[in-house]
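Values reported hereafter were calculated over all heavy atoms of this structure, with side chains retained and with hydrogens, waters and symmetry mates removed. Proteins get letters first, then strands, A, B, ... in listed order; numbering begins at 1 in each. Worth saying up front: this structure is predicted, and the values here are computed from it rather than measured.
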2 protein chains.
Amino acid sequence: MAIVKLVNSVKSLSKPSKQQSHRSTIGDVAREAGVSKTTISRYLSGQFDSISEQTRKRIEQTIADLKYRPNRMARGLKRDRSFSIGMIVADITNPFSTSILRGVEDVCTKHGYSLMVCNTDNDPVKEKEYIMMLQAHRIDGLIINSTGHNNEYLHELAEEQTPVVLVDRKMPELGFDTVVTNNVQATTEAMRFFLQQGYERIAFFTQPVEKVSSRNERSNTFHQFLAQANHPSITDVYVVDFRENGQLEQKLEAYLSSSQGQFRLLFAVNGVMQLKILNVLQQKGLRIPEDIAVACFDDLDWAPVIPPGITTIAQPTYEIGVNAMERVLKRIMGDQSPAETIELPGKLIIRGSTPSKTK
Amino acid sequence: MAIVKLVNSVKSLSKPSKQQSHRSTIGDVAREAGVSKTTISRYLSGQFDSISEQTRKRIEQTIADLKYRPNRMARGLKRDRSFSIGMIVADITNPFSTSILRGVEDVCTKHGYSLMVCNTDNDPVKEKEYIMMLQAHRIDGLIINSTGHNNEYLHELAEEQTPVVLVDRKMPELGFDTVVTNNVQATTEAMRFFLQQGYERIAFFTQPVEKVSSRNERSNTFHQFLAQANHPSITDVYVVDFRENGQLEQKLEAYLSSSQGQFRLLFAVNGVMQLKILNVLQQKGLRIPEDIAVACFDDLDWAPVIPPGITTIAQPTYEIGVNAMERVLKRIMGDQSPAETIELPGKLIIRGSTPSKTK
DNA sequence: CCGGTTTACGGAACCGGTTACATTTCCTAT
DNA sequence: ATAGGAAATGTAACCGGTTCCGTAAACCGG
């Protein structure tokens, strides 16, 4: 294993001047209230039954007077818990991520935890650094949407009894709790609907699958479904890497020209893909749904607004966040039961972009 | 001042079982490497010039062997700095916020800081609690998109020498560094363009202004501009509170019916407003731009995709984030210069939704 | 009235780093 | 050979909480 050079990267080691305006400490409060630090500490952790009524009031008043705020670092150091949770997402600007984040955050707050958010841009190197940084902060739990390239470090965290919960992307080999959309169910439901509507040529557009289980499950189900359905059309799966310029245009063109005259539908693996596809279709002057139907995963705010309304599969993102954080809490509380994978159902939302053939 | 009851809210005070798998400490490393803690500490803070070559190598090896991760809480406690920054946003699911967040995050990471993210839903009570929580964590700086109702607590932070930087919303009375879009310039530029295109009746739709300076500046500029331009139309400003059901429909109807036959444009204060407006217009069967033109602040991913392409004002969100965080860093480094307000220009992006009359 | 229990609180060590202030080692010039 | 200074490293206190353990006082039933 490579030697990780562990030198603190805060550049400002020089001398950040913070002219101590003396923040009050537990000692100050104790002195002022005429009791010992122990008693204040007991008050702070809610052990009121061993504090007399009048002492309690005096402490309360003193704390208010001194504007005392207990130092979480000191507390955390002694208790070996930081009261904060780490969250690593692949792309913070993606509404999918933020909606999960919101779920996580709500549960965190309700239980007195803070949240450290890290954005990796799907870069395994950044991811590694973030994992190490969060480890250094002694986070009490980690929720991660992983690139899949840092199993070694995630494992290290787990060995230190820090609960790790995966969201959106499964990694069965690691044995972590996992919360995802039920991609098989959601894809199946959508496909059943599409066939029922009479589509003859359905194409699935996805980013490179890599280690992203959601993409994998969706395109696999798509494949299998069309095979099982004994569907006459080719089971078109197009993989588009946005880092390669013009790839989307090429692949779309390939599909469009080979499907001339058929009743066709473009199924996008997620909202990002859908928007890019719509952009190209528009440039080509193709009308939706007259010339081609579309549908995608992710029910984002623009879906009902883009005419004629885009059919989508709504993912239970907020609930994924809530569930993930609740798993973390259970683990923090000492639950040692075997890791579970929770699959929450996706919901098909039918709009004008996928009319039936008879219509 | 009310007595703030300061009792730790982490419910799990019971006994979270964390069977110490003995994470290694600086002491372990010191013993293993055959030197003192001091030397390790020096290594960790990059003071290599006072460590011999061979000792350094031995330390490096030992750290790798023991998978040692310095505890930031311990370090932070002694140094009275946490190496983390707090960020409070009004709505984390709004792409405007996440784009700023991304800018902040990039700068944080580059300088070895971690980021604690809090989402207030514009609720002053949640905001207050978050400020106190971040204070308890001894954040080294705060970036906030404030509701404007917790000046007392922000001030308290500032008194403790914790730098506070406002984004998006100005609050001049507080004397904090502030980074915003230049709303006057952006609005002026857009209005100039609209009038040039020949619009006869322009309406501005905004959420309640309250203490949100960006909304205030935009609607004020709108007002003044039409007055100065000696524009014949009424200077329509419609305030819509989404918490009141059906208000948007009513106000839109009022505008639409009173502007029949005029060459008209709907100008939305932000992307959220724009989407809701488009939704209603669509339900009414109004075509863009034939029946009505639209434009808005925020150049979100759907703007080029919604036909015929929505004209927008792109806000320099990422740059706001970067600038805000750089201000924080400067202050951390001891810069005591007077607070500045940085106004970054918005950029008008013209698309099909705002054609000229002659066309 | 007394032993035992409960209630209310305090002393001091400890968590894992940092740092002011030695101390030791080693080199160099005289 | 040695004083003197630089280079390399160590000692121990300290940061602000928590917690184990101890104790004084109040209470209580027999």
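Here the side chain of B/Ser52 is nearest to one of D/dT9, C/dA8, C/dG17, namely D/dT9. The listed nucleotides are C/dG17, C/dG16, C/dC9; the one nearest the side chain of B/Pro70 is C/dG17. Among the nucleotides C/dG16, D/dG10, D/dG17, the one closest to the side chain of A/Ala74 is D/dG17.
Taking A/Glu53 as the reference, A/Arg56 meet the side chain to side chain donor-acceptor pair (under 3.5 Å) condition, with sequence neighbours excluded. A/Arg42 pairs by the salt bridge (charged side-chain N to carboxylate O under 4.0 Å, His left out) definition with nothing, not counting sequence neighbours. Looking at residues two or more places apart in sequence or on another chain, you find a ring-ring contact (aromatic ring centres under 6.0 Å, His included) between B/Phe48 and B/Tyr43.
Put simply, CZ on A/Arg58 is 13 Å from P on C/dA8, counting in whole angstrom units. Whole-Å rounding puts the A/Lys78 NZ to C/dA12 P distance at 16 Å. Atoms CZ (B/Arg79) and P (D/dG17) sit 19 Å apart, rounded to a whole Å. Distance CZ (B/Arg75) to C1' (D/dC14): 16 Å, rounded to an integer number of Å. Note: CD1 (A/Ile26) to P (D/dG16) measures 11 Å, nearest angstrom. We find that CD of A/Gln47 is positioned 13 Å from C1' of D/dG17, with the value rounded to whole Å. One interatomic measurement links the two molecules: CZ of A/Arg72 to P of D/dT18, which rounds to 11 Å at whole-angstrom precision. Between A/Ile63 atom CD1 and D/dG17 atom C1' there is a gap of 13 Å when expressed in whole angstrom units.
No hydrogens or angles considered: a donor-acceptor pair under 3.5 Å links the side chains of A/Ser114 and B/His137.
For the pair B/Met73 and A/Ser84, the minimum side-chain heavy-atom distance is 4.5 Å or more. Proximity of A/Met87 to A/Ile100: side-chain heavy atoms (C-beta onward) are separated by under 4.5 Å at one or more points. Counting heavy atoms from C-beta outward, A/Leu329 and A/His111 have side chains that approach closer than 4.5 Å.
Between B/Met73 and B/Thr38, it is B/Met73 whose nearest contact on DNA chain C lies nearer the 5' terminus.
Looking at heavy-atom distances under 4.0 Å, B/Phe48 makes no contact with the nucleic acid at all. Nucleic acid contact class of B/Ser41 (heavy atoms, under 4.0 Å, all strands): base. Using a 4.0 Å heavy-atom criterion, one finds that A/Thr39 contacts the sugar-phosphate atoms exclusively. Residue contacts for A/Ile51: at a heavy-atom cut-off of 4.0 Å it reaches the sugar-phosphate backbone alone, with no base atom in range.
A/Ser45 has no side-chain polar atom (N or O) that falls below the 4.0 Å cut-off from OP1 or OP2 of D/dT18. Not one side-chain nitrogen or oxygen of B/Tyr43 sits closer than 4.0 Å to the OP1 or OP2 atom of D/dA8. Contact check, A/Thr25 against D/dG16: no side-chain N or O comes under 4.0 Å of OP1 or OP2.
Heavy atoms only, all atoms of each residue included: A/Lys211 and A/Thr147 are closest at CB-O, 3.8 Å.
Separation of atoms CG (A/Asn151) and OG (A/Ser146) is listed at 6.5 Å; rounding is to 0.5 Å.
Across its full length, the helix from C/dC1-D/dG30 to C/dT30-D/dA1 shows an angle of 40° between the axes of its 5 terminal pairs at either end, rounded to 10 degrees.
Judged as a salt bridge (Lys or Arg N to Asp or Glu O under 4.0 Å), the pairs with a partner in residues 25-35 of chain A (not counting sequence neighbours) are, in order, A/Asp28-A/Arg31.
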Sugar-phosphate atoms are those with a prime plus P, OP1 and OP2; base atoms are the rest. Using that split, label each nucleotide of nucleotides 21-28 of chain C B, S or - for protein heavy atoms under 4.0 Å, 5' to 3'.
-> --------
